[in-house]
Amino acid sequence: MSAILPPVERVWWKQPFDRAELLWIVMALVWCLIMFFMMPYWHLYGKQNLANESYRTSAEQYSKLTEEMVSKYKVREEGGDLKVPVVHPPAGGDAYLIARLWSWYPILELEAGKSYHIHLMSMDYQHGFSLQPENINIQVLPGYDHVITVTPTHAGTYGIVCNEYCGIGHSTMTSKLYVVK
Ligand code: CUA
């Protein structure tokens with residue numbers, strides 16, 4: 001039977017494969033297998049995949065850790081009346097970021113060339129952490145502390161946008177991340 005035309009026989013599944021159809025199935029299967037084995041390969045040798053961990057936690061516990069970090073390492077406030085604290089956590093340490101309807105808290109200031117454990121968690125619904133223009137994208141879920149270990153390489157001001165639709169204020173759910181020398 002042809003791979004392009006509709007089946008002539010009503011009981012089409014008892015007909016032999018057309019050569020072209022079989023060729024496409026084999027090609028698709030081989031490509032699937034190549035991509036399947038590329039996943040662990042890219043994780044070890046590529047730069048696409050972040051080394052991340054996630055732990056079950058609660059909103060209370062997570063916001064307590066965040067507030068502790070903010071009170072210890074706050075360097076200034078930004079955002080006019082909103083007064084969002086800018087926090088400069090110690091290099092090699094933990095940096096907590098809270099996602100909620102519809103803001104990020106606090107603003108992190110990191111040092112280039114130093115590594116950090118950035119923690120992400122949502123206090124309510126699912127959000128998306130998208131760091132621009134680096135294009136690092138991570139799902140932010142309630143109940144899970146998602147930890148990524150990163151070493152920022154270039155100083156500058158990066159944008160954080162929520163890239164998971166989370167309601168009426170979704171488009172305003174933006175923030176910044178500073179990387180200083
Ligand atoms: Cu948070 Cu969209």
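Order of listing sets the numbers, starting from 1, for every ligand and every atom in it.
The distance from atom CG of Leu101 to atom SG of Cys166, rounded to the nearest 0.5 Å, is 6.0 Å.
Considering just the N/O/S atoms of Glu164, the one nearest atom 2 (Cu) of ligand 1 carries the name O. Looking at His170, its N, O or S atom nearest to atom 2 (Cu) of ligand 1 turns out to be ND1.
When distances to atom 1 (Cu) of ligand 1 are checked against a cut-off of 2.8 Å, Tyr125 contributes no N, O or S atom below that limit.
In this structure, Tyr62 contributes its side chain and Leu97 its backbone to a donor-acceptor pair below 3.5 Å. At least one donor-acceptor pair under 3.5 Å links the side chain of His170 to the backbone N or O of Glu164.
Enclosure of atom OH in Tyr158 by more than 12 non-hydrogen atoms of other residues, nucleotides or ligands within 6.0 angstrom is indicated.
In this structure, SG of Cys166 and ND1 of His127 enclose an angle of 100° at atom 1 (Cu) of ligand 1, rounded to 10°.
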